[in-house]
Peer 1: 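My questions will all concern the structure given below.
Only this structure's heavy atoms are used, side chains among them; waters, hydrogens and symmetry mates stay out.
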2 protein chains.
Amino acid sequence: MSTTRLLILGLVRWVQPVHGYDVRRELLSWHADEWANVAPGSIYHALKKLAQEGLLREVATEQVGARPARTRYEITEAGEREFQTLLRRYWWEYRQPIDPFFAAFAFLPALGQREAVAALRNRARNLRGHAEFVRTAIDRGGFDGNEPPHTFELFRLMMARSETEAQWCDEVADLVAAGDLPTDAVAAAPRPQSSNIQT
Amino acid sequence: MSTTRLLILGLVRWVQPVHGYDVRRELLSWHADEWANVAPGSIYHALKKLAQEGLLREVATEQVGARPARTRYEITEAGEREFQTLLRRYWWEYRQPIDPFFAAFAFLPALGQREAVAALRNRARNLRGHAEFVRTAIDRGGFDGNEPPHTFELFRLMMARSETEAQWCDEVADLVAAGDLPTDAVAAAPRPQSSNIQT
DNA sequence: AGCGTAATACTCAAATTTGAATGCCAGATG
DNA sequence: CATCTGGCATTCAAATTTGAGTATTACGCT
């Protein structure tokens, strides 16, 4: 299930009463656009949906000049309960994130050996660059300094992941360079019958 | 953008002519349900959409008894070009995957210290368990043996990630246990003004 | 032969997500 | 003081995703 519900519910709870734009501002300041669905539409949709379900309450709608009116929300009793439930679900259940690179890698054989090696090395560079960027940002006390300390741990996790993955990329690049993995497939091979779907 | 397009296009290209159910079968055999959107509806939708865009072509519709007719698809010239484009995009562009746990962790302060530590340790266990499961499955030559070798590298990546993340969980659990990270927040603190949104 | 379970194959309404588009206001620039 | 840029605040149609639902056949078991 979607992460957006938890994010919006939790954020409203945290900074209430808030309106959509502020929610988005806050989420972007968390760099949440890199790891969650925070397109404007998603936020406004979630806000309305949650209100409609009685988990949020419209508190006020202000208007400045002729700009679109802002609707501020706050969390309700029911919302608080739902938040606790969702929070626990995501803390206790493990689900692998959806990673677009997996899909790409599955089609390694469709790529040329040269390009595969180059792309993997490039990816390793990107990943290390990303890690380095996060590291220096942390070290130099970037991030305006208002962030609660657990935010840094989140960044540390990103760094650790990036480094692990970078190393994997280099190892696989070596394998591909050595010709140990299939590349340059021209035509499709006949595939064996795959196994069944279990309900 | 969605990974499903690439996955379906590539799979049809690989095993054509195929029908939806087979595509799903194959994807599940790759355990793709763990890292991509492969609900039945997604697959049939993508198939129809791609056909409508002229990237796939309906090749035949067979019928066995009174069961729903199967429509087999194959890739077109245009589809092949699109596949190459998408493949390259995903190989060369780095995008962080969307991870539901990040959202959960962002609300660490809303959790009790006790529970946070327990959940983190539990997550570490889960992650190590997952890694171990994959490892033994590989070692014992699980996975029916028809998988191309690069599939194993994908599993190795999953393992490496799981281990990295498990270690992080333990470290953070220690920090939380030591009281170095905020937990048990009761009320919301007033937040400072966050920065602006750049277009 | 009859029964239950599982596999086959897809549909559809509902929910979610995207991101371009809209339009206003404030401050800087020339 | 006219214009341009960029921040504010949301809407909306279109695209995607979900997953339960439908209905048929194959297979093993008693």
Peer 1: Tell me whether the rings of W168(A) and F105(A) are parallel (<30°), tilted (30 to 60°) or perpendicular (>60°).
Peer 2: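 Answer is perpendicular, since the angle exceeds 60°.
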Peer 1: At less than 4.0 Å, is any side-chain N or O atom of H45(A) found next to OP1 or OP2 of dA15(C)? Yes or no.
Peer 2: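 Answer no for this pair, as no side-chain N or O of H45(A) is under 4.0 Å from OP1 or OP2.
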Peer 1: What's touching nucleotides 21-25 of chain C from the protein side, N or O pairs under 3.5 Å?
Peer 2:
| from | atom 1 | to | atom 2 | distance (Å) |
| --- | --- | --- | --- | --- |
| dC25(C) | OP1 | A66(A) | N | 2.9 |

Peer 1: So with a 6.0 Å cut-off around CZ of R88(B), is the heavy-atom count from everything else above 12?
Peer 2: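 Yes, enclosed.
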Peer 1: Whole angstroms only, please: what is the OH-C1' distance between Y21(A) and dG6(D)?
Peer 2: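 Going from Y21(A) (OH) to dG6(D) (C1'), I get 9 Å.
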Peer 1: Give the nucleotide from the list dG19(C), dT18(D), dT11(C) with an atom nearest to the side chain of A39(A).
Peer 2: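 Of dG19(C), dT18(D), dT11(C), dG19(C) is nearest to the side chain of A39(A).
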Peer 1: Using the side-chain heavy atoms of S2(A), tell me which of these nucleotides is nearest: dT17(D), dT16(C), dA9(D).
Peer 2: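 Nearest to the side chain of S2(A) among the choices is dT16(C).
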Peer 1: Counting side-chain heavy atoms from C-beta on, which of dC10(C), dA9(D), dT16(C) comes nearest to Y44(B)?
Peer 2: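 My answer, after comparing the listed nucleotides, is dC10(C).
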Peer 1: To the nearest angstrom, how far is R24(B) atom CZ from dT8(C) atom C1'?
Peer 2: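 Distance check: R24(B) CZ to dT8(C) C1' gives 12 Å.
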Peer 1: For the side chain of N37(A), counting heavy atoms from C-beta on, which of dA9(D), dT17(C), dC10(C) is nearest?
Peer 2: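 From the listed options, dT17(C) comes nearest.
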Peer 1: Could you check which of dT16(C), dT18(C), dT11(D) has an atom nearest any side-chain atom of K49(A)?
Peer 2: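 The listed nucleotide nearest to K49(A)'s side chain is dT16(C).
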Peer 1: Do R123(A) and F101(A) form a cation-pi contact, if we require the NZ or CZ to be under 6.0 Å from the six-membered ring centre and within 45 degrees of the ring's axis?
Peer 2: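 The answer is yes, since R123(A) meets both limits relative to F101(A).
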Peer 1: In whole angstroms, how far is the C1' atom of dT18(C) from the CG atom of L27(A)?
Peer 2: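 One finds 16 Å between C1' of dT18(C) and CG of L27(A), rounded.
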Peer 1: Can a salt bridge be assigned to the pair E82(B) and R5(B) using a cut-off of 4.0 Å between side-chain N and carboxylate O?
Peer 2: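 Looking at E82(B) and R5(B), the cut-off is met.
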